[in-house]
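Written out below as structure tokens is the structure these notes cover.
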Amino acid sequence: AILVKDNSKACEINTAYIIACIILSTIHSSSLILLILLLVRKLRIRVLYVCLAGAVMIGCFIYFVPASFFSFINIGSFQYQIQNTSISYIGLMERIVMFIIITWVYKTFEKSSEHIEHIQILYKIYFTGFIISIVCFPWGLVSSRLPMVMKAVEVLLFPMLLKGNRMYRQ
């Protein structure tokens with residue numbers, strides 16, 4: 001649904017996508033995060049960098065604010081997770097290093113290859129998952145699980161970038 005170019009079909013597919021996300025949310029509420037992907041397609045990458053800067057500020061704010069500040073969130077298991085901050089430094093560093101590597105390869109891909117819209121959309125999805133994990137970094141478990149669906153795009157995106165990049169074909 002995210003990769004469709006034709007706007008007339010996109011509306012029909014977007015409706016089906018929203019219904020599918022709602023049905024999936026009956027199995028697990030974290031699938032509602034997939035609704036963000038409808039907006040990602042329309043965003044420019046520069047906007048995502050601004051969102052990343054905001055995510056860093058929000059993540060730092062969450063880290064230094066007492067957990068009682070978030071007592072208004074009444075989502076069962078999520079409320080339990082936010083009561084204690086437990087940063088996984090190894091997990092955070094892995095995400096940052098992979099983001100830097102994938103962004104560098106993506107930037108070289110943009111320069112050396114013809115522009116492919118599917119790759120750009122996959123990169124935006126990956127970028128969005130990274131932003132979500134940075135916002136939630138004080139809560140290690142939430143930070144690792146909530147954007148996991150979007151992190152799975154990394155497995156698809158990285159080989160596609162390497163294959164399409166003239167610099168790495170040899």
How long is the span from the CH2 atom in Trp104 to the OG1 atom in Thr108, to the nearest 0.5 Å? 5.5 Å
Can you list the steps and then say if Leu48 with Thr128 is a side-chain contact (heavy atoms from CB on, under 4.5 Å)? CA-CA 7 Å; Leu48 291 174; Thr128 304; 4.0 Å; yes
Distance-only, no hydrogens or angles: does the Thr103 side chain make a donor-acceptor pair with backbone N or O of Ile100 under 3.5 Å? no
When rounded to the nearest 0.5 angstrom, what is the spacing between CZ in Phe158 and CE in Met98? 5.5 Å
Of all the heavy-atom pairs spanning Ser133 and Arg95, show the shortest one and how long it is. OG-CD, 3.3 Å
Would Met57 and Ile132 show up in the same hydrophobic cluster when neighbours are defined by side-chain heavy atoms closer than 4.5 Å? no
What distance do Phe99 atom CZ and Leu52 atom CG have between them, rounded to the nearest 0.5 Å? 5.5 Å
Establish whether Leu39 and Ile131 are linked, either directly or via other cluster members, by ILVMFWY side-chain heavy-atom contacts under 4.5 Å. no
From CG (Leu162) to CE (Met160), nearest 0.5 Å: 11.5 Å
Val155 with Leu122, same ILVMFWY side-chain cluster at under 4.5 Å: no
Between Ile45 and Gln120, is any pair of side-chain heavy atoms under 4.5 Å apart? yes
Look at the aromatic rings of Tyr106 and Tyr123 and report parallel, tilted or perpendicular, splitting at 30° and 60°. parallel
Mind checking whether Leu92 and Ile134 have side chains closer than 4.5 Å, heavy atoms only? yes
To the nearest 0.5 angstrom, please state how far the CG atom of Leu161 sits from the CD1 atom of Ile102. 7.5 Å
When rounded to the nearest 0.5 angstrom, what distance separates CZ in Phe137 from SG in Cys60? 4.5 Å
Tell me if the centroids of the rings in Phe130 and Tyr126 come within less than 6.0 Å of each other. no
With sequence neighbours left out, the residues meeting side-chain contact (heavy atoms from CB on, under 4.5 Å) with Ile90 are none
For residues Ile18 and Leu38, determine if any side-chain heavy atom of one lies less than 4.5 Å from a side-chain heavy atom of the other. yes
Return yes if some donor-acceptor pair links the side-chain N/O of Lys124 with the main-chain N/O of Leu43 below 3.5 Å, else return no. yes
What residues, two or more places apart in sequence or in another chain, satisfy side-chain contact (heavy atoms from CB on, under 4.5 Å) together with Arg44? Arg46, Val47
